Amino acid sequence: MKKHINRMGVRRAVAVAAMVLSANAAWALEPFKVQDIRVEGLQRVEPGTIFASLPLRVGDDYNDEKGSAAIRALFALGLFKDVRLEAAGNVLVVVVEERPTIADVDFAGTKEFDKDTLKKAMRDVGLTEGRPYDKALADRAEQELKRQYISKSLYGAEVVTTVTPIERNRVNLTFTVTEGEPAKIKDIRIVGAKAFSESTLKGLFDQDTGGWLSWYTKSDRYSRAKLNADLETLRSYYLSRGYLEFKIDSTQVAISPDKQDITITINVTEGQSYVVSGVKIEGNYLDRDDEFKSLITIRPGEPYNADKVAETTKAFTDHFGNFGFAFARVEAVPEIDRENNRVAVVLKAEPSRRAYVRRINVSGNNRTRDEVIRREFRQYEASWYDGDKIKLSRDRVDRLGYFTEVNVETQEVSGSPDQVDLVINVVEKPTGSLQLGAGFSSAEKVSLSFSIKQENVFGSGNYLGVDVNTSKYNRTLVFSTTDPYFTQDGISRTLDLYYRTSKPYQEQGGNYELVTAGTSVRFGVPFSETDTVFFGGGVEQTKIKAGTNIPAAYLAYADTYGATSFSVPLTLGWSRDDRDSALAPNSGRYQRLNSEWSVAGDARYVRGNYQVQQYVPLNKQFTMAFNGELAWGTGLNGRPFPVFKNYYSGGLGSVRGFDQGTLGPRDVTGASLGGSKKLTLNAEFIAPFPGAGNDRTLRVFTFVDAGNVYGDNDKVELSELRASAGLGLSWISPLGPLRIAFAQPVRKFAGDRIQKLQFQIGTSF
């Protein structure tokens, strides 16, 4: 850094000297009246730029002061290396030497960074085509590039800047990079830890000394930001276990002479472990002491837990906000008894003043209309400030899925201590997608897919999508559109047009097909902030196309009721989803209940299914997941349940280890028919992939599955359930969620078709 400053000082000195010499040249001129001004030395700069910057005009009297001002003004343009003033009689001659212009900026040897990204960064600092070349800017860019490589653990990276003059006073600027190998963490030491083993503490860190999967996780790459996060995790671990006076004394990061190995040493002082002796509240609690006491999660007799203290103070602050006190202050003051290793926690509160919301402003929505965001808000303008409603509003905007970030800021109104403004800051993300893809699964073989979707058409909040799938067994063409605010009250409307062809998963089933075409409309009514009820109706036509090895049940249904069945199904459903993530959930519950009733047409039936998923976090790394699904259907008006509405089980998504869709009743030919009743139970223990640290995109799991389907006239017998157990891998890949499972059937019957290894993209449970 010192070397850089010295060079900058030299450059400034040279520039100042040039200005002084030029000014001296100007000062050497005798005063005269300017009859004309001539410019010499221009190559690319327009003469008008010179004349507009000069403080002198034809007819003015020239003197030393005006000459000096003219030189300073021209140097300030940043376009010239040298400026001189000369006199030819009463003509003022401005002699300039232009800086070379940048013709091109290029990068050589860069692998860690994208060239286009680097060129954009250079453009932002002024190093781009058509701009004057400035060596000071080039030096700064070189140093910044080195810093960026250091942030990637490439400490040995070297950057050489080459300036190549070309015709017309232009230069090509090239940054040649020798990246070298990244430095890796060789050792992490925690000095002073006694209460917990060093291996336990290091297991909390996202950074480590590496494993066989470090090429993917890069957990052995040093990062200051990651180290700070790990130190906070370490501090939180101690403070949540009674070590109230725990301190991180210092942190040393040492790099080997060859810049390849990094050693991190963390020095800590644990202090004593304290037990909570009591909790007291002091201050103004709005005469609602009992309400606030019920929010306390700190328990006497337990080790002091900073997480519970923070949880309690936040709960107090939020509760004050529910009554309009936006500026309430709550402080937890520990009263330490070091002799007995006990601590009393005193919660001091000052509600300050009550406030109401004057205005709600929306910022950052360049595409999404204001009304799309505002209609999700439950806090209204000119109403009392309500913390619960503000949090709910923020969550509702976030759940739209149109933004990468949603934040709500509270701003005081100057001169009005009882008013606040709310500012909703959003960062938009692309909500449209055009996808061409291919997939392969053990059941489906090769399938091609195409989709075009726009979740926020023209910023209106409406959804529009077209899906095409060329799966071997399930081909689909679907057109769908949703208006989430079909009415001002938030009732949604979804229109679907679909055409589907399907075959049984078992290849021995022959080449017969079921072809279904239809249309439907569905409305969603939000009965609460978390519950939505769906209802709708549609028309549907199903054809049974005969082919080789068609099951007798399909022929019998076609002979009795016709190969083409027309139906008018009405639908009713309910859903609730409070999982923390749809792709890699760690906590929460998902429930859905769907029913379908055909009230007219050739096929008369009613069917429904209920599914519940529960995720229980055991700690930061491990999760237990449970899934249950129950489905049932029956025919109406003396007709059997249509065979083309049967449920199937077996394989991924139901009971792993059995061939896809082969459980339950079969035809005399051995073809699986499915059934009108279905029961599925799953349990998984989910853990990080060994060597992947806490990366939630790549995880392993063990599982136990049980389930079966039953025919129209069969009873649901638990003794008929099939069961399996096994291991699996879950990876959120660029193509979508990928799950691979190896299962061993633990309860099977004669004739069951076994498939131990199964995988598919986009399947859960």
Side-chain angles (χ1 to χ4, degrees), residues 1-19 21-22 41-46 49 74-84 95-184 221-224 255-260 262:
M1 188 66 186
K2 184 175 181 181
K3 185 176 180 181
H4 175 69
I5 293 173
N6 289 339
R7 282 191 292 180
M8 288 293 292
V10 170
R11 283 195 294 271
R12 290 195 184 100
V14 171
V16 170
M19 293 178 64
L21 291 174
S22 298
L42 290 180
Q43 298 184 53
R44 303 177 66 86
V45 178
E46 293 294 329
T49 303
L74 294 179
F75 267 118
L77 293 174
L79 301 174
F80 307 111
K81 289 196 301 182
D82 189 24
V83 178
R84 300 193 313 276
V95 183
V96 298
E97 182 181 354
E98 292 183 3
R99 290 180 184 273
T101 302
I102 298 174
D104 185 36
V105 179
D106 196 14
F107 297 86
T110 55
K111 300 176 183 177
E112 192 71 25
F113 298 100
D114 179 67
K115 277 190 178 183
D116 292 337
T117 303
L118 292 175
K119 285 187 176 182
K120 181 181 182 302
M122 294 298 108
R123 187 162 55 248
D124 292 341
V125 300
L127 292 176
T128 187
E129 181 180 350
R131 296 291 297 273
Y133 168 69
D134 188 331
K135 188 175 187 305
L137 288 179
D139 289 343
R140 283 167 49 193
E142 179 181 318
Q143 294 304 316
E144 179 59 29
L145 191 57
K146 289 180 180 178
R147 281 193 290 271
Q148 292 300 321
Y149 273 103
I150 289 175
S151 70
K152 295 286 187 178
S153 291
L154 292 160
Y155 290 88
E158 297 181 357
V159 181
V160 177
T161 306
T162 304
V163 181
T164 306
I166 59 176
E167 74 280 355
R168 298 172 57 202
N169 196 29
R170 296 183 300 160
V171 295
N172 287 331
L173 188 61
T174 304
F175 294 92
T176 304
V177 181
T178 304
E179 294 184 341
E181 293 296 322
K184 297 180 179 179
R221 297 273 192 99
Y222 169 74
S223 165
R224 184 66 197 177
I255 188 168
S256 62
D258 61 359
K259 297 183 179 181
Q260 294 299 298
I262 293 176

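Please read these numbers as outputs of a predicted model, since none were measured by experiment.
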Please name the pair of heavy atoms, one in [X] and one in [Y], separated by the smallest distance, quoted to 0.1 Å.
X      : Y      : answer
Pro132 : Leu79  : CG-CD2, 3.4 Å
Ile166 : Ala103 : CD1-CB, 3.6 Å
Arg221 : Pro182 : NE-CB, 3.4 Å
Ile102 : Thr128 : CB-O, 3.5 Å
Glu142 : Thr161 : OE1-OG1, 2.6 Å
Leu145 : Phe175 : CD2-CB, 4.4 Å

Full working for side chain to side chain contact (heavy atoms under 4.5 Å, CB included) between Leu77 and Thr49: CA-CA 9 Å; Leu77 293 174; Thr49 303; 4.0 Å; yes
field: CG on Leu127 to CZ on Arg140, rounded to 0.5 Å
entry: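 The distance works out to 9.0 Å.
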query: Above 12 or not: heavy atoms from other molecules or residues under 6.0 Å from CD of Glu129?
result: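 For Glu129, atom CD is not crowded (no more than 12 foreign heavy atoms under 6.0 Å).
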message: Is it true that, when you exclude Lys184 itself, more than 12 heavy atoms of the residues, nucleotides or ligands shown sit nearer than 6.0 Å to its NZ?
response: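 Not buried by this count: 12 neighbours or fewer within 6.0 Å.
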Would a 4.5 Å heavy-atom cut-off, applied to side chains only, mark [X] and [Y] as touching?
X      : Y      : answer
Asp139 : Gln143 : no
Asp106 : Leu173 : no
Val96  : Leu42  : yes
Phe113 : Gln148 : yes
Thr101 : Tyr133 : no
Tyr155 : Gln260 : no

message: Between the side chains of Lys120 and Asp116, is the shortest nitrogen-to-carboxylate-oxygen separation below 4.0 Å, so that they form an ion pair?
response: no
message: Determine whether Tyr222 and Ile150 satisfy the following criterion, side chain to side chain contact (heavy atoms under 4.5 Å, CB included), listing intermediate values before the conclusion.
response: CA-CA 9 Å; Tyr222 169 74; Ile150 289 175; over 6 Å; no
- prompt: Going by the side-chain hydrogen bond (donor to acceptor under 3.5 Å, both in side chains) test, which pairs reach into residues 169-182, not counting sequence neighbours?
  reply: Tyr149-Glu179, Glu167-Arg170
message: Working note: Lys115 + Thr110, criterion side chain to side chain contact (heavy atoms under 4.5 Å, CB included); need CA distance, chi angles, decisive distance, verdict.
response: CA-CA 7 Å; Lys115 277 190 178 183; Thr110 55; 3.8 Å; yes
query: Counting N and O atoms only, with roles assigned by atom type, does the side chain of Lys146 sit under 3.5 Å from a partner on the main chain of Glu158, one being a donor and the other an acceptor?
result: no
